[in-house]
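Have a look at the structure below, then the notes.
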Number of protein chains: 2
Amino acid sequence: MAAGVSRATVSRVVNDVPTVDPRMRAAVERAIQETGYVPNLAARSLVTRRTDSVALVISEPPNHREYAATFLNRVFTDPYFGRLTAGAQEVLRVEGIHLVIIPADPPAHDQVLRYLRQGHVDGVLLISSHAADPFPGQLADMGVATVLSARPGRPVPLSYVDVDQPTGVRLAAEHLVARGRRRLGTIAGPQDMPAGQDRLSVFRDSLARQGLPAPPVVEGDFTRASGEAAARALLDAHPDLDGLFVANDLMAEGAVRALQEMGREVPGDISVVGFDDSSAALEARPQLTTVRQPVEEMAGEMARLLLASLREPQRSPRTVIFNPTLVVRGSS
Amino acid sequence: MAAGVSRATVSRVVNDVPTVDPRMRAAVERAIQETGYVPNLAARSLVTRRTDSVALVISEPPNHREYAATFLNRVFTDPYFGRLTAGAQEVLRVEGIHLVIIPADPPAHDQVLRYLRQGHVDGVLLISSHAADPFPGQLADMGVATVLSARPGRPVPLSYVDVDQPTGVRLAAEHLVARGRRRLGTIAGPQDMPAGQDRLSVFRDSLARQGLPAPPVVEGDFTRASGEAAARALLDAHPDLDGLFVANDLMAEGAVRALQEMGREVPGDISVVGFDDSSAALEARPQLTTVRQPVEEMAGEMARLLLASLREPQRSPRTVIFNPTLVVRGSS
DNA sequence: GTGAAAGCGCTAACAC
DNA sequence: GTGTTAGCGCTTTCAC
């Protein structure tokens, strides 16, 4: 071509095939520089059947429940997704794999499904938190390589990563009790999400096992505003509560704020323990005691699982569970 | 093929070409159903030279400044990006164009550039807020169809959308004065961003024009935490301030919180006006008086400008400026 | 180590 | 209205 060599040689140079004469390689590289040549991705992936990119899809199923904030506002307001992205990026980057983020709320569902199926990406990291979300099953049926960010609501033949929820919740419950709190309540996550369900049921069990009464519960939607409202409702109905387990940090931050506005001292009058250890835990005043999920590592593992299944398509799905830890700060 | 028709007819059916016998169309569609046929994107876009997808790239240039939070944490914590995405989605969706979101912090820059240039997407909506960001210029040089979300720091032959910053700032300044405030201060945005610069310089001018003294200034980085710290610094140095203009709502929310912790009543002792009218304005207590940017509409316009330049590649760059409005709430 | 040639799966121009 | 055919730009055997 421009460097006086064949199309095949150019291809070898571009793809770093070792068996190329160094001088020829140099000549080709210079020609590429000068002509501003850019390989055509479509042509390449037509033959290689790879795109070297994967999607991080954040799925929201058709609403069973009402949300105060829109889907995209929730996504771009919850530090959880940033941590997930960061963790995945880090391992994909070194492999030269591109990551694209695709929000998939109900009106976009079909379009996103088409996008993924068409082969724009080699695989998908799927954040799907609702038990009834059909997305994981659909991707599995279509044979799209997929790894989930948490135990799916219904069994699906896909790999997933999760935190050991029961252990995390127990850490929180035992900590509250160790602090001398006995009149405990909880702000639960949405009960149509496995994470929301687990954190509530295990908390109840933990208290029962320690001989404490069943806690009053108000359900939130994992947003700061819902945590605020829930804390108000809880304390209005049970003014004597002295400890609160909140299913995520964003709601816990809102709860602390509401408690203070109601004239309660945190942790003087009432202890609050959150879940996640997200940046919201550090923004709260006082900063939150919380159950830490190693989200970045979990996302990294998702990426690794996906890469492995890309390399070995027949590989059977696996599950990787991470250990949570308790981070004690000012709110308890 | 499976339906006993030619490859070309299948293509016509799949692409909704009108000149196909309805019976034949039905037969083909049935066969597609049964065989689970999925068109190969790479092959299609090799010939059409389109991918029917565009990228929303959020760029962060090499750091001049220190940030307390990581790039991805800032992105997934600032409601601004959610509104932008929502606005763009809405117009792209009806055109059948896919939107993928790509965060591009400095370590990812080259990789993202490669991604965009390879033709994974037909064009890009670029969020680049730093004056020194080389990204817009690079994309322009590479001939990648691009629309910017704000006036670029250096002139670049690309279309962009912006809000009329001076008008917005004046609305805020005049409102504070109309409220009887005379001892005004401001929390500015980063001074390496055009938006940060404009909002500060115009605020200064406005006060000067009204015969008020130059306001004390502390610079933040558009995060809630920085707004909090800035308010503390400002009030420590100037305890008599009775009005604050804050360059975005997130910082204003933090500022209000700090003021209250310092024992100031908002708006009793001091009025606060934000900028954006994001969800943060509604989360603050009291809710924020703020300058509203029609971000969703602006993003929609970005998408429209991009689609137009895709259809007509020679089209010259244009600029669309939106009008801000003042939304009066409890904080003033 | 390098070139020639086949072919990836599709669309579009052209005959029929 | 439908089939035939010629590429789109790359990678990859296969000779040399």
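Residue numbering restarts at 1 for every chain, and letters A, B, ... go by the order of the sequence lines. What's counted below: heavy atoms across the whole structure, side chains too, no hydrogens, waters or symmetry copies. Computed from a predicted structure; not experimentally measured.
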Open item on the list: Using whole Å, what does the distance between atom P of nucleotide dC8(C) and atom CG of Asn40(B) come to?
Closed with: 11 Å
Task: Lys/Arg N to Asp/Glu carboxylate O, Asp122(A) vs Arg311(A), below 4.0 Å - done: no
Task: Glu297(A) vs Val320(A) side-chain heavy atoms within contact, under 4.5 Å - done: no
Task: Touch class at under 4.0 angstrom, heavy-atom based, for Arg49(B) against every strand present - done: sugar-phosphate
Open item on the list: Is any side-chain heavy atom of Ile101(A) closer than 4.5 Å to one of Leu56(B)?
Closed with: no
Task: Test log, rule salt bridge (Lys or Arg N to Asp or Glu O under 4.0 Å), inputs Asp16(B) and Arg25(B) - done: CA-CA 9 Å; Asp16(B) 274 329; Arg25(B) 177 180 299 272; 3.6 Å; yes
Task: Arg44(B) CZ to dC8(C) P, straight-line distance once rounded to whole Å - done: 19 Å
TODO: In plain terms, say whether Asp21(B) and Arg12(B) are close enough for a salt bridge, that is, a side-chain N and a carboxylate O under 4.0 Å apart.
DONE: no
- [ ] Would you indicate which nucleotide in dG9(C), dT2(C), dG3(D) comes nearest to any side-chain atom of Ala8(B)?
- [x] dG3(D)
Task: Distance, rounded to the nearest Å, where Leu41(A) contributes CG and dG9(C) contributes P - done: 16 Å
Task: Toward the 5' end of DNA chain C, by each residue's nearest nucleotide, Pro22(A) or Leu46(A) - done: Pro22(A)
Task: Integer-rounded Å distance: dT11(C) C1' and Asp52(B) CG - done: 13 Å
Task: Among dC10(C), dA13(C), dT11(D), the one nearest Pro39(B) by side-chain distance - done: dC10(C)
- [ ] Among the candidates dA4(C), dG7(C), dC10(C), find the nucleotide nearest to the side-chain atoms of Tyr37(B).
- [x] dC10(C)
- [ ] Kindly point out which of dG9(C), dG3(C), dT12(D) is positioned nearest to the side chain of Ser11(A)?
- [x] dT12(D)
TODO: Just compare dT2(D), dG3(C), dC10(C) and give me whichever is closest to any side-chain atom of Thr9(B).
DONE: dT2(D)
Task: Minimum-distance nucleotide (side-chain atoms of Arg7(B) versus dT2(D), dG9(D), dC10(C)) - done: dC10(C)
TODO: Quickly work out the Gln118(A) CD to dT11(C) P distance and round it to whole Å.
DONE: 10 Å
TODO: Assess whether one donor atom and one acceptor atom, taken from the side chain of Arg12(B) and the base of dG3(D), lie less than 3.5 Å apart.
DONE: yes
Open item on the list: I want to confirm an ordering. Mapping Asp21(B) and Val14(A) to their closest nucleotides on DNA chain D, which one lands closer to the 5' end?
Closed with: Asp21(B)
